[in-house]
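Working notes, structure below.
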Amino acid sequence: MTNQPLSSSNPRVDLEYRRRKNAEEMRYQVISFTLMIFLTFVAFGVVAIKGFTAWFVVPFILLLACVQVVFQLFYFMHMSHKGHEAPSMFLFTGVFLAMIMVWAFMTIIWW
Amino acid sequence: MKRLAKWRLISLFAILALVLSGCGQPYLSALRPAGEVADIQYDLMKLSTYIMVGVIIVVLIIFVLVFFRFRRKDDKIPKQVEGSHSLEIIWTVIPILLLLILAVPTVAATFKLADVKEMDKKNSNALVINVRSHLYWWDFEYPKQKIVTSQDLVVPTNEKVYFNLKSMDVKHSFWIPAVGGKLDTNTDNVNKFWLKFDDKRANEAGNLFYGKCAELCGPSHALMDFKVKAISRDKFDAWVSAMQNVKKPQKAQTDLAAQGQDIFNKSCIGCHAVTPENKMPDTARVAPNLTNFGDRSRIAGILDHNKKELKNWLKNPETYKPGNEMSGKYEKLTEDQLNALAEYLMGLKVQD
Amino acid sequence: MQAEEKLTYETWPASPERSTLEAKNKFLGFWLFLGGETVLFASLFATYLALKDKVPDSSHHLAKDIFELPLTLTATMLLLTSSLTSVYAMYHMKNFAFKKMMVWLSITVLLGLGFLGLEIYEFNHYVHEFHHTFTSSAFASAFYSLVGFHGAHVTFGLGWILALMFRNYKRGLNLYNAPKFYVASLYWHFIDVVWVFIFTVVYLMGMVG
Amino acid sequence: MSTYAQKKGFGATIWDYLTTVDHKKIAILYLMAGGLFFIMGGLEAVFIRIQLAVPNNDFVSAGAFNEIITMHGTTMIFLAAMPLLFAFMNAVMPLQIGARDVAFPFVNALGFWLFFFGGIFLNLSWFLGGAPDAGWTSYASLAVHSKGHGIDFYVLGLQISGLGTLIGGINFLVTIINMRAPGMTYMRMPLFTWTTFVASAMILFAFPPLTVGLTLMMFDRLFGANFFEVAMGGNTIIWEHLFWIFGHPEVYILILPAFGIFSEIFSTFSRKRLFGYSSMVFATVLIGFLGFMVWAHHMFTTGLGPVANAIFAVATMAIGVPTGIKIFNWLFTMWGGSVKFTTPMYYAFAFIPSFVMGGVTGVMVATAAADYQYHDTYFVVAHFHYVIVGGVVLALLAGTHYWWPKMFGTMLNETLGKITFWLFFIGFHLTFFIQHFLGLWGMPRRVFTYLPGQGLNAGNLISSIGAAFMSVAVLILLFNIIMTQVKNVKVGNDPWEDGRTLEWSIPSPPPFYNFKQLPLVRGLDAYWLEKMAGKKGLTPAEPIGDIHMPNSSFIPFMISLGLFIAAFGAMYHVDDKPWALPVLIIGLVITFGSMLVRSVKDDHGFHIHKEELVQEEKGAKA
Ligand code: HEA
Ligand code: HEA
Ligand code: CUA
Ligand SMILES: [Cu+2]
């Protein structure tokens, strides 16, 4: 129940490194943002161009959505960082159950 | 409800005798299978029971040994054992094997019982019955024979009978314990399955099986019974043609009955049909079809089939089936009217 | 050193969102909550998919008749961008730049409001143009529930971020409120994650038919 | 700060409990509220058995019977069994991991009050026009069809109390992940803590589908939506899926902590470490995981088709394997041990055959093709009472006797305890064993009566007699509790003398900060290890220092009260009552207003100073 910071030592040398690291991370984030926007346009584009069959479009845009979400989770929400073991375990359990549910509702509710 | 206080003790002993025989009534019990489906299920039950009894015995043996051998006798601290890999492997692998022994026939039976290819074939001559469940009563339509009946299902023995099941209001479940497991009648879709009634064992059960609604459906769920007349194919065909012969409402035989018919045509015909043809869609059949009411085995599925009970029912259905859809939908009937109606309805027979 | 103690750029820890036990608890608890939310939205998605285009009769409009790509695309851009701006805000939080953080948070809020406005317009449009109301069919109920639940999350997220901004306007950053900002931004990203699936599954797949 | 030890007036005590955020007091609140609801659910069970004692009975009407079974099932599962388990989790788990409190004390209190107000709301239905009557599963077609407000009470009441359970679960998870004492690795956690962990994780994932299901039902009934309205394109099977995706994990949420309680009791009174600890942990996690894969076994007769039925049948059977591992591990914990038959051990010992019988009938109903016969009959009623009463309730009774001294500082009477045990145990088997046969003989469940002449009379009478035995047992337990509290003979740290886990290393009841110094854990069964090494207690992991404690708060009560009020508004709004909307708004304002107050008012808690702690120690010695 203590409020003590766990890493109280904070020598100056760290600072520069940290700032650089934050900035570098920010660069990744801008890149992933650009990619997300790009993926979004692709997804909308595939649907807007009426030419493709649904058999291609649906899996394709779902795939794009998943890629985007991975960007969100790992870059924007820092899930790749240290100290996210428990969060990712629980989140992926949730995702797994989500898939089972959607699968069930698409196959065994059928009339 | 009526009270049945006396004879309790006697029936208790009588039934205790049955408990010892352990299988329940032949017309109702799942432990007295009277058809192929029930047989398959009974075999599965037996197989699983043997396995389970075996498991229980093993557990009990260890249990009893522990009880006698390891009670605290002194203050010694026992050895702190961490575990044992070989034991753990044993009690992981053996249950897996037991479950496999159970799983294989389970899967096979599940597919077998769901096999209704025959009924969907074009020009198959399988007997198909459309079951429609309503709040507290059952409607049975024979689409190929173009007849409808209610409450008492009539089926031929020794052949597969196919069912289309659907509910018209809330979910119910169609169950004839002695002949096979249940299947729900959903509001959303038609469920299909088949049953087979064994001639010899139907005879032993008096050719009349009890059917039940097995899904909570409101106050009178407990009373949503139906009966199944399982008769030979010849008799069944005779019954079908007798039903088909009723083209117009049957003429009343006596004066009293004729009076009753007048009342019926005034107050009741709006809901109850007395002809067996199925011109109306299932949604429009809002009350039991009474064409062969005189041949039924029960009134409303539960009451004894006689005039007294019929008059009681007509006087106040609510006391017998709380929440039913007939109460309060017709004017109050006088004693004379009741007599007339009872006379008329009891005369509605297609066979003698 | 206490949670509410004034810190400086030099003493500000590397992961302010997880530098006290209380903060660690909040951080973890919130992530677990998001795990639960995943299943919550999965239930809604599954229901929507089961009821998609289930209408009583042909006088009702189906998914492919009512959705419009430009509107959805605009809404998507607003929300995606707001995700980036909230990342910026957290970047400045980590660098102990309170003012900048507030600026980026304000932009996030504005973008979120824009998204919400579009959604309200959109629902209104469906109701008046297509008589596609919450009660008109199972499909409509499922559609409004799923998208509306998301909209409610957006609204709540906006209220939350605003409340944090007002509450801490005068105080600046400390180890007591930094985790709160961080967690709120996680929530905001999660809303975005859900939206990615909504625009894909509801709108794009709806257009495909 | 040390006022906690002083005698307080009655009003002050009440206020103390209304505002407490101390996990030990919240545990007592859960115990009392859960106990109250258990008695209500039990009374409902007794009414069921009276009505069914003889054929054609008219003790209650058909409609009332449906309300009674619905409330019996709902009350027992949501308001009795789960809260009682929460009571022990709250009381014991933080102590077992060597923590001073749970991760979010405030949220802990909030969870309790949400559960409590939800439960009260649900039960008020009895007085406000009728209780829910569509079964605890509340299948959609019947529930949407049901007149009056019964189902609305069900939907809103469960929504509120479910919220409380969900945040309670998250709280336990974070506590276990973040707040373990130095040295308390995952693989050194007592099994009750492990099962709390897995059950909480299941709560986290199982309750959202219920929340959604209840929301859809609420939208349909109160706001004209069409999720389950077939004519409008709706589909009632969605409810069945959502309910069971929640409902099946729910039964393991109940049984896993029960397994945890028994694991503690077996090893304590056998004076032996738990046999196969790591496989026990593994089995617990596996059961939790598989628990999410089998929900459709409740829907075998819905008509999902043979492929789905076969898959779910086989998946269901698989759960028998990890459960069996546990059974044998318990037996071999006692094997070679020195088993002392105290009251808790009576329950634990009796649990084994009882639960195995329930478990194996579970595997029997899992054989899909045969389940067409079992489903919705008394065979299923027998199955689940064997696992629930023979598993969960026996665990609750065992836990009550086992941890009573830790929670209240005084021991329940052992003789009365054993009398309670025998009456309950005999009554339990008498009631439910015969029900297997009733089901097979053709008796559907949820029937308010049955006709004579179907061979069902004797079986039902026997079953009802059994329930009478259980009632007497419960009454004796209540008597025991009252007598014990009146006498109030104080006990020391380790009253059973064989305690193995950390909770037995501190006073009974523990001081409000639990551990003066966080203990250093050196292995599984930390306290036992130290005792065997000849030490009195645990080595501290830190010097005596200030202890930070959270402040009490009335806000959790207010947040829950607001939702309680709002629920009335939402419900009566369909009747065009003019006051409904204002009530809804007032309720929500109270809730969100309280939440806002909570978030703008900084609450940093307070510190117990080192000097006070030292002082106290001296006081205790003197
Ligand atoms: C605490 C609660 C609890 C527990 C632990 C269980 C445990 C199990 N349950 Fe039960 N169940 C319920 C509570 C519970 N159940 C409830 C409340 C319902 C009814 C809901 C309603 O409709 O209202 C229900 C209904 C229910 C059904 C639906 C029946 C129907 O409605 O038709 C099924 C079907 O598969 C089922 C299966 C199982 C199985 C396979 C287990 C297994 O987990 C059991 C595993 C245990 C063992 C098998 C014993 C020990 C093992 C060994 C000694 C090893 C060797 C064993 C073998 C090789 C077999 N349960
Ligand atoms: C935790 C869960 C739980 C528990 C503990 C119990 C406990 C009991 N249950 Fe029940 N039961 C369910 C969960 C549970 N049940 C569920 C989920 C259903 C399905 C509901 C549905 O179909 O929707 C069900 C259904 C159910 C039925 C079937 C109803 C039907 O289908 O028509 C029956 C019938 O016998 C029954 C009986 C009992 C009995 C006799 C007990 C006994 O063990 C109870 C023992 C307790 C007591 C006897 C306490 C009595 C107390 C006193 C007498 C003291 C009074 C003192 C004061 C007032 C100070 N239960
Ligand atoms: Cu129809 Cu029960
Ligand atoms: Cu289950």
Side-chain angles (χ1 to χ4, degrees), chain A residues 1-8 10 12 14-15 18-19 21-23 25-26 29-30 33 36-37 40-41 43-44 46-48 52 54 57-58 61-62 64-65 68-69 72-73 75-77 81 83-84 86-95 97-106 109, chain C residues 1-4 9-15 18-24 27-28 31-32 34-39 41-43 45-47 49-50 69 72-73 76-77 80-81 83-84 86-88 91 94-95 175-176 185-186 189-190 192-193 196-197 199-201 203-205 207-209:
Chain A
M1 286 277 77
T2 46
N3 268 323
Q4 312 290 318
L6 301 177
S7 57
S8 53
N10 222 343
R12 236 165 215 293
D14 271 7
L15 279 176
R18 241 171 62 202
R19 207 218 318 261
K21 222 182 126 225
N22 280 351
E25 196 169 283
M26 200 57 226
Q29 285 171 338
V30 175
F33 174 74
M36 281 160 63
I37 297 286
T40 308
F41 273 109
F44 274 82
V46 177
V47 174
F52 305 106
V57 175
V58 171
I61 57 179
L62 281 176
L64 294 187
Q68 252 203 68
V69 163
Q72 279 274 359
L73 290 175
Y75 289 100
F76 285 15
M77 296 167 85
H81 284 199
H84 284 72
S88 53
M89 194 183 90
F90 277 85
L91 195 82
F92 285 122
T93 312
V95 168
L97 296 176
M99 287 184 333
I100 291 186
M101 267 173 86
V102 171
W103 164 78
F105 276 55
M106 309 239 5
I109 298 183
Chain C
M1 192 159 54
Q2 290 302 312
E4 59 275 31
Y9 179 64
E10 281 73 27
T11 51
W12 191 241
S15 295
R18 276 182 289 156
S19 53
T20 65
L21 180 58
E22 243 168 45
K24 270 176 62 176
F27 172 85
L28 179 63
W31 266 105
L32 299 187
L34 290 184
E37 287 259 285
T38 309
V39 184
F41 274 104
S43 315
F45 270 105
T47 306
L49 286 169
L69 285 185
T72 312
L73 185 62
T76 305
M77 287 304 143
L80 282 184
T81 314
S83 221
L84 181 72
S86 82
V87 168
Y88 266 108
Y91 168 70
K94 289 204 172 182
N95 284 341
L175 289 183
Y176 182 67
S185 92
L186 276 184
H189 291 303
F190 184 76
D192 212 13
V193 167
V196 169
F197 281 109
F199 85 68
T200 306
V201 171
Y203 291 96
L204 294 184
M205 275 166 61
M207 296 294 288
V208 174

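The sequence lines fix the lettering, A, B, ..., with proteins before strands; numbering per chain opens at 1.
- Heavy atoms closer than 4.5 Å to chain A are found in both the backbone and the side chain of C/Leu34.
- The candidate with the highest count of non-hydrogen atom pairs below 4.5 Å against chain A, out of C/Leu69, C/Val39, C/Leu49, is C/Leu69.
- Interface check for chain C: of the options A/Phe33, A/Phe90, A/Phe92, A/Phe41, the most heavy-atom pairs under 4.5 Å are formed by A/Phe33.
- Neither the backbone nor the side chain of C/Ser86 comes within contact range of chain A, judged by heavy atoms closer than 4.5 Å.
- With contacts defined as side-chain heavy-atom distances shorter than 4.5 Å, the pair C/Leu84/A/Met36 does not qualify.
- Using a 4.5 Å cut-off between heavy atoms, C/Tyr203 makes no contact with chain A at all.
- Contacts of C/Thr47 with chain A are made by both backbone and side-chain atoms, with heavy-atom separations under 4.5 Å.
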Would you please test A/Phe52 and C/Val208 for side-chain contact (heavy atoms from CB on, under 4.5 Å) and show each step?
CA-CA 9 Å; A/Phe52 305 106; C/Val208 174; over 6 Å; no
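- In this structure, the side chains of A/Met89 and C/Trp31 stay at 4.5 Å or more apart for every pair of heavy atoms.
- Looking at A/Ala23, both its backbone and its side chain come within 4.5 Å of chain C, counting heavy atoms on both sides.
- At a 4.5 Å heavy-atom cutoff, the contact between C/Thr200 and chain A is made by backbone and side-chain atoms alike.
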Show your working on side-chain contact (heavy atoms from CB on, under 4.5 Å) between A/Gln68 and C/Phe197 and close with a plain yes or no.
CA-CA 10 Å; A/Gln68 252 203 68; C/Phe197 281 109; over 6 Å; no
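- Of the listed residues (A/Leu62, A/Leu73, A/Val57), the one with the most heavy-atom contacts under 4.5 Å to chain C is A/Leu62.
- Between A/Thr40 and C/Leu73 the shortest side-chain heavy-atom distance falls below 4.5 Å.
- Among A/Ala86, A/Gly94, A/Pro87, the residue making the largest number of heavy-atom pairs under 4.5 Å with chain C is A/Pro87.
- Using a 4.5 Å cut-off on side-chain heavy atoms (C-beta onward), A/Met101 and C/Phe45 make no contact.
- Residue C/Phe41 does not touch chain A at all, counting heavy-atom pairs closer than 4.5 Å.
- Chain C forms more heavy-atom pairs under 4.5 Å with one residue of A/Gln72, A/Met99, A/Gln29 than with any other, namely A/Gln72.
- Contact count against chain A (heavy-atom pairs under 4.5 Å) is highest for C/Ala46 among C/Ala46, C/Gly35, C/Ser185, C/Ala42.
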